[in-house]
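On a predicted model such as this, the values are computed, not experimentally measured, just so you know. All values below were derived from every heavy atom in this structure, side-chain atoms included, with hydrogens, water molecules and symmetry-related copies excluded.
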Amino acid sequence: MNSIEVKVERVSTLAFTAHFKTVRMGQWKCVNKNGKPAFFDTPELAEIAAWRAMRDYWQADIVGDNEGIKDSLIAANSAFKPSSKPVKIERRKARQLCR
């Protein structure tokens, strides 16, 4: 149930299709090429393609919008206003630990 899996199905005597399923997806997803199921000559090639398609699925580019980030940044900056008095930074020499 909570596992990643790959399977190969024989479509005809000379063609195989590849499928993969992740933990997040409950159903098998077919490996496609140009929006149509991809056919492979051997089951080994189909299995390799399924593992690569799963890798590409998990390592896809993250796409998002910055809708709420600006509002959050404004709220955080207003909560932590810089004081008018500068902070004094004291530098110390590093202790020598090894002799």
Side-chain angles (χ1 to χ4, degrees):
M1 184 171 170
N2 286 335
S3 63
I4 57 174
E5 297 179 44
V6 167
K7 73 176 180 178
V8 176
E9 289 183 353
R10 182 185 291 267
V11 179
S12 68
T13 56
L14 300 175
F16 298 90
T17 57
H19 304 269
F20 67 94
K21 181 175 75 167
T22 64
V23 176
R24 188 177 293 171
M25 300 183 310
Q27 299 174 349
W28 290 97
K29 185 171 175 119
C30 184
V31 175
N32 293 330
K33 186 174 183 181
N34 298 328
K36 295 182 179 180
F39 297 103
F40 302 94
D41 297 332
T42 65
E44 292 82 12
L45 290 174
E47 184 176 355
I48 291 169
W51 285 112
R52 288 181 179 169
M54 187 183 320
R55 181 199 60 205
D56 293 343
Y57 173 80
W58 280 108
Q59 295 180 352
D61 293 333
I62 297 174
V63 179
D65 57 354
N66 296 332
E67 184 84 21
I69 293 176
K70 188 174 183 181
D71 298 334
S72 301
L73 187 61
I74 291 170
N77 285 336
S78 65
F80 298 102
K81 291 182 181 177
S83 62
S84 59
K85 191 165 105 176
V87 177
K88 185 178 177 185
I89 299 173
E90 181 181 331
R91 301 236 183 237
R92 297 182 182 176
K93 278 189 166 181
R95 292 187 312 185
Q96 191 176 20
L97 299 175
C98 299
R99 289 185 184 190

What's the separation between atom CD in Q27 and atom NE2 in H19, rounded to the nearest 0.5 Å? 13.0 Å
Just to verify, what does I48 make a side-chain contact (heavy atoms from CB on, under 4.5 Å) with, not counting sequence neighbours?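 With neighbours one apart ignored, the set is R52.
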With sequence neighbours excluded, tell me which residues meet side-chain contact (heavy atoms from CB on, under 4.5 Å) with R10. F16
Looking at every heavy atom in both [X] and [Y], which two are closest together, and how far apart are they?
X	Y	result
V23	S3	CG2-N, 3.8 Å
C30	P37	SG-CB, 3.8 Å
A53	V31	CB-CG2, 3.8 Å
I4	W51	CD1-CZ3, 4.1 Å
V8	E47	CG2-N, 3.7 Å

Who clusters with F39? Use side-chain heavy atoms, under 4.5 angstrom, across I, L, V, M, F, W and Y, and order the result by chain and number. V11
Under the 4.5 Å side-chain heavy-atom rule for ILVMFWY, direct or indirect, which residues accompany W28? none
What residues, two or more places apart in sequence or in another chain, satisfy salt bridge (charged side-chain N to carboxylate O under 4.0 Å, His left out) together with E9?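 Only K7 meet the salt bridge (charged side-chain N to carboxylate O under 4.0 Å, His left out) criterion with E9.
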Give a yes or no on whether W58 and V6 share a hydrophobic cluster (residues Ile, Leu, Val, Met, Phe, Trp, Tyr; joining criterion: side-chain heavy atoms under 4.5 Å apart).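 Yes, because W58 and V6 connect within a single hydrophobic cluster, where side-chain heavy atoms sit under 4.5 Å apart.
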